[in-house]
A.B. asks: 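This is the structure, below, for whatever I ask next.
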Amino acid sequence: MRSFTFTINISYTLFLQHYSGATSSVVVLTDTGLKLQLPAVRLRGFLTHAGITGKFRVVVNSDNKLEAIERL
C-alpha cells in the first residue's frame with residue numbers, strides 16, 4: 001500500500017456543491033506535486049461549519065484503489 005499526504009482548504013459553501021450533485025470528485029495536489037482525484041463522498045466525514053481544512057493522508061492499494069483517508 002502507498003500513502004500520500006496533502007493539505008486541503010475547502011469552504012463549507014463550496015463543498016455543498018457535492019450534495020447538490022454539481023461535483024462528484026475533488027482534485028488535490030499532494031505534498032510531492034502529484035494530482036489525485038478523490039471521490040467527494042469520502043470527505044463528508046471531515047466536513048465542519050468551517051468546511052474541510054487541514055492536512056490529510058490518503059492510502060491506496062496496489063491497484064491504486066482508495067483504501068482510507070485520515071486527518072493528520
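Please read all numbers here as calculations on a predicted model, not as lab measurements.
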A.B. asks: Hey, are Ser11 and Thr13 close enough side-chain-wise for a donor-acceptor pair under 3.5 Å?
C.D. replies: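 On atom types as modelled, these side chains do not qualify, holding no pair under 3.5 Å.
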
A.B. asks: Take the angle between the ring planes of His49 and Tyr12 and call it parallel below 30°, perpendicular above 60°, tilted in between.
C.D. replies: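 Geometry flag for Tyr12 against His49: tilted rings.
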
A.B. asks: Side-chain polar contacts of residues 34-43 - donor-acceptor pairs under 3.5 angstrom, sequence neighbours left out - could you list them?
C.D. replies:
from  : atom 1 : to    : atom 2 : distance (Å)
Gln37 : NE2    : Ser25 : OG     : 3.1
Arg42 : NH2    : Glu67 : O      : 3.4

A.B. asks: Identify the two heavy atoms, one from Asp31 and one from Lys55, that lie closest to each other, and give their separation to 0.1 Å.
C.D. replies: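 Looking at all heavy atoms of both residues, the shortest contact is OD2-NZ, 2.5 Å.
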
A.B. asks: Tell me the closest heavy-atom pair linking Arg71 and Thr53, and the distance in Å.
C.D. replies: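 Closest pair (atom of Arg71, atom of Thr53, distance): NH1-O, 2.6 Å.
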
A.B. asks: Evaluate the criterion side-chain contact (heavy atoms from CB on, under 4.5 Å) for residue pair Ile52 and Val26; output intermediate values, then yes/no.
C.D. replies: CA-CA 12 Å; Ile52 302 173; Val26 174; over 6 Å; no

A.B. asks: Identify whether Ile8 and Leu29 are in the same connected component of the hydrophobic contact network (ILVMFWY, side-chain heavy atoms under 4.5 Å).
C.D. replies: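 Each belongs to a different hydrophobic cluster.
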
A.B. asks: How would you list, by chain and number, every residue that makes a ring pair (Phe, Tyr, Trp, His ring centres under 6.0 Å) with Phe4, sequence neighbours excluded?
C.D. replies: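 Listed in chain order: nothing, the list is empty.
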
A.B. asks: Assigning hydrophobic clusters by single linkage (Ile, Leu, Val, Met, Phe, Trp, Tyr; side-chain heavy-atom cutoff under 4.5 Å), is Val28 placed with Leu14?
C.D. replies: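 Val28 clusters together with Leu14.
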
A.B. asks: Between Ile69 and Phe46, is the side-chain contact (heavy atoms from CB on, under 4.5 Å) condition met? List the steps.
C.D. replies: CA-CA 10 Å; Ile69 298 176; Phe46 302 106; 3.8 Å; yes

A.B. asks: For Lys65, does its backbone N or O pair with a side-chain atom of Asp63 as donor and acceptor, under 3.5 Å?
C.D. replies: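 Looks like no, no N/O pair under 3.5 Å.
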
A.B. asks: Apply salt bridge (Lys or Arg N to Asp or Glu O under 4.0 Å) to Arg44 and list each qualifying residue two or more places apart in sequence or on a separate chain.
C.D. replies: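 Checked Arg44 against salt bridge (Lys or Arg N to Asp or Glu O under 4.0 Å); zero matches.
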
